[in-house]
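Worksheet: the structure to be examined is printed underneath.
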Amino acid sequence: TLRTANDFLTEGQQNCNCVASYVDKTRNGGCWVASFRKKGSDVTVLTVEVNPSGRMVQIKGKHNRNPTEQEMDALGPFQQHIYDMMQEDC
């Protein structure tokens, strides 16, 4: 999860996207943003925006490319984790 303004800025610069503009939205509880990286690496593969109800509303790779089918499949456990967290909060 991206937490600080610097995290967002770095993510945006490395991936040539506008994720840095989401800092205020995350601080206000409008969403949260996760960065998926290659195992054992600092290289981001996908940046994911999750809305307050736990739905992934944006999933983008470098230069705002859409995720591949394989990447979407890999997000399955993450979506389940979000669902489980939402159930615990109820």
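In this text, all values refer to a predicted model and were calculated from it rather than measured experimentally.
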**OP:** Please name all residues satisfying salt bridge (charged side-chain N to carboxylate O under 4.0 Å, His left out) with R65, sequence neighbours left out, ordered by chain then number.
**Re:** E71

Original post:
Can you name the residues that form a salt bridge (charged side-chain N to carboxylate O under 4.0 Å, His left out) with K62, not counting sequence neighbours?
Top reply: none

Applying side-chain hydrogen bond (donor to acceptor under 3.5 Å, both in side chains), name anything that partners [X], two or more places apart in sequence or on another chain.
| X | answer |
| --- | --- |
| N15 | none |
| Q13 | none |
| N66 | K60 |
| Q70 | none |

Original post:
For residues 74-83, which residue pairs qualify under salt bridge (charged side-chain N to carboxylate O under 4.0 Å, His left out), counting only residues two or more places apart or in two chains?
Top reply: none

Original post:
According to the salt bridge (charged side-chain N to carboxylate O under 4.0 Å, His left out) rule, which pairs have a member within residues 12-29, sequence neighbours left out?
Top reply: K25-E49

For [X], which residues count as a side-chain contact (heavy atoms from CB on, under 4.5 Å) partner, sequence neighbours excluded?
| X | value |
| --- | --- |
| E69 | D73 |
| M72 | I59, P67, L75 |
| A74 | none |

Show me the donor-acceptor pairs within less than 3.5 Å that the side chains of residues 32-40 make with the rest of the protein, sequence neighbours left out.
| unit_1 | atom_1 | unit_2 | atom_2 | d |
| --- | --- | --- | --- | --- |
| S35 | OG | E11 | OE1 | 3.0 |
| S35 | OG | E11 | OE2 | 3.0 |
| S35 | OG | R37 | NE | 3.1 |
| S35 | OG | R37 | NH2 | 3.4 |
| S35 | OG | T44 | OG1 | 3.1 |
| R37 | NE | T44 | OG1 | 3.4 |
| R37 | NH2 | E11 | OE1 | 3.4 |

**OP:** Specify the closest pair of heavy atoms between G30 and P52, including all atoms of both residues, with the distance to one decimal.
**Re:** O-CD, 3.1 Å

Subject >> Donor-acceptor pair, side chain of N17 and main chain of V19, under 3.5 angstrom >> reply: yes

**OP:** Please confirm whether the backbone N or O of C18 pairs with a side-chain atom of S21, one donor and one acceptor, at under 3.5 Å?
**Re:**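 Between the backbone of C18 and the side chain of S21 there is a qualifying donor-acceptor contact (under 3.5 Å).
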
